[in-house]
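Step one of this worksheet: look at the structure below.
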There are 2 protein chains.
Amino acid sequence: MSEPVQRQRTIGVLGGMGPAATVDFLAKIIAATPAVRDQDHVPVIVRNVPQIPDRSEAILAGGDGPFRPMLEGLKVLEQAGAEVLAIPCNTAHHWHARLSRVCERPILHIAEAAAAKLAGRRGAPVGLMATRGTLASGLYQARLGALVLPDEEAQAAIDAAIAAVKAGRPGRAEAESAARRLLAGGARSLLLACTELPLAMAGGSLGGYCVDATLALAEACVAASRARPDPVPV
Amino acid sequence: MSEPVQRQRTIGVLGGMGPAATVDFLAKIIAATPAVRDQDHVPVIVRNVPQIPDRSEAILAGGDGPFRPMLEGLKVLEQAGAEVLAIPCNTAHHWHARLSRVCERPILHIAEAAAAKLAGRRGAPVGLMATRGTLASGLYQARLGALVLPDEEAQAAIDAAIAAVKAGRPGRAEAESAARRLLAGGARSLLLACTELPLAMAGGSLGGYCVDATLALAEACVAASRARPDPVPV
């Protein structure tokens, strides 16, 4: 005997930034869902379009190239039945407000979700690990208290770790090198605010310090899918 | 300087059967793609709708419940821009011919892809690990030479392994128990013909015997996305 399937909202995921990070995000949605059979899981539509121009390059150059293809992807998701939208790319949230104004469905915000996870640690300095574009956009600086920002050497190591994961390599040595510099600089925890970084840090020895923005967004998706009576964007 | 991005066909994936298996499939598409940056990856649209009724139960009961929701999912993928379709669920291929007749885009066939991978081993008996529905549908018996089919004890262990993965547990002990019975029964290799089984067998000691139908379909997707001038369904 099968129990009736509870109605759940369909999550639309604009993915491909990068592709491996999107898979990690989908796995985290599944892991965050209490389920014993296929039918208990959150319905998800993913548009994994890795051809969206580099977000960090665009921000640093004052360009707007990613906006239009991201909007087109979100519109496809809405037309395909997505009820709540999510973008597993921190840097892309530079365009969150503008995208939200022209989308019909709510777009969950990865930095809001991560900040909610960190709320209990207010006061203890957080080391921010992100792309140069995310740092320039101020996404996290606006939402968090005491931050330890990477110096040039740490940022270069973060860039190298992200590039490694996008090319299918581990990137752990580079990510851990940056993480240790942030901890030495006074950080008490590390915010992984680029969706490649949880992959780079996986299986390493610094997991206990890490707060994972990808996981925060995945948990927000599960909550929004199952919320009653209306979706509750974080 | 970025190199120009090669045009690649968009793969539409009807997922959610089960959700973890779909994530495994997407990861295998990425791993099978030669890429050094996001923009090199295959564009993928995934409709992960785990609410599709159980395929194996339907086949064994002579029911047709999964056909309509699968067709609706494929139509959504076509409308969203998918150019080649794939279904990472072996049992669902019971409906492949009927779905193909009413879809505009080609649907790659997981058993054709797996059979192509096994072509070099013709003659050596293959142990078939699949759902009862896949066995009843004859999908693989029609395409492969010498097969070793599971007895009731091995099949019960396969069923338990699949159910374990769908519920978020490993299922390795059950899967390996079935695998060892097939090897003792004369199989020289093991065809993992249910998309939960590569997850159940992961990290075990029998990997060297395994041929992974999920991986075969993922490789077929990458080939179809990059094929010139027209998609080449396997």
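Every chain is numbered from 1 and lettered A, B, ... according to where its sequence line falls, protein lines coming before strand lines.
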Can you tell me which portion of [X] sits under 4.5 Å from chain A's heavy atoms? Options are side chain, backbone, both or neither.
| X | result |
| --- | --- |
| B:P53 | backbone |
| B:I11 | neither |
| B:V165 | neither |

Give a yes or no on whether a salt bridge exists between [X] and [Y], defined as a side-chain N under 4.0 angstrom from a carboxylate O.
| X | Y | answer |
| --- | --- | --- |
| A:R98 | A:D64 | yes |
| A:R132 | A:E57 | no |
| A:E78 | A:K75 | yes |

Point to revise | Most contacts with chain B, counted as non-hydrogen pairs under 4.5 angstrom, among A:M17, A:H41, A:R169 | key: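 Most heavy-atom pairs within the cutoff with chain B belong to A:H41.
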Check your understanding: Between A:T33, A:N48, A:I52, A:L77, which residue shows the highest count of heavy-atom pairs closer than 4.5 Å to chain B?
Key ->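 So the answer, after comparing A:T33, A:N48, A:I52, A:L77, is A:N48.
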For a quick test of your reading: what N or O donor-acceptor pairs under 3.5 Å do the side chains of residues 190-202 of chain A make, sequence neighbours left out?
residue, atom, partner, partner atom, Å
A:T195, OG1, A:P88, O, 3.1
A:E196, OE1, A:K166, NZ, 3.4
A:E196, OE2, A:G18, N, 3.0
A:E196, OE2, A:K166, NZ, 3.1

Review point. What distance separates A:L85 CG from A:R105 CZ, expressed to the nearest 0.5 Å?
Key: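 Rounded to the nearest 0.5 Å, the CG-CZ separation comes to 8.5 Å.
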Exercise for review: Indicate whether any N or O donor in one side chain lies under 3.5 Å from an N or O acceptor in the other, for A:T134 and A:S137.
Suggested key: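 There is no such pair (donor and acceptor under 3.5 Å, judged by atom type) between the side chains of A:T134 and A:S137.
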**Study point:** chain A neighbours within residues 22-31 of chain B, where any heavy atom lies under 4.5 Å away
**Key:**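 B:V23, B:L26, B:A27, B:I30, listed by number.
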Review point. Which residues satisfy the salt bridge (Lys or Arg N to Asp or Glu O under 4.0 Å) test with B:R55, sequence neighbours excluded?
Key: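 Partners of B:R55 by the salt bridge (Lys or Arg N to Asp or Glu O under 4.0 Å) criterion, ordered by chain and then number, come out as A:D38.
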Review point. Of all residues at least two apart in sequence or in a different chain, which pass the side chain to side chain contact (heavy atoms under 4.5 Å, CB included) check with A:A178?
Key: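 Partners of A:A178 by the side chain to side chain contact (heavy atoms under 4.5 Å, CB included) criterion, ordered by chain and then number, come out as A:M129, A:A154, A:A157, A:I158.
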Review point. What option among B:V46, B:I45, B:V49 has the most heavy-atom pairs under 4.5 Å with chain A?
Key: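 Greatest number of close heavy-atom pairs with chain A: B:V46.
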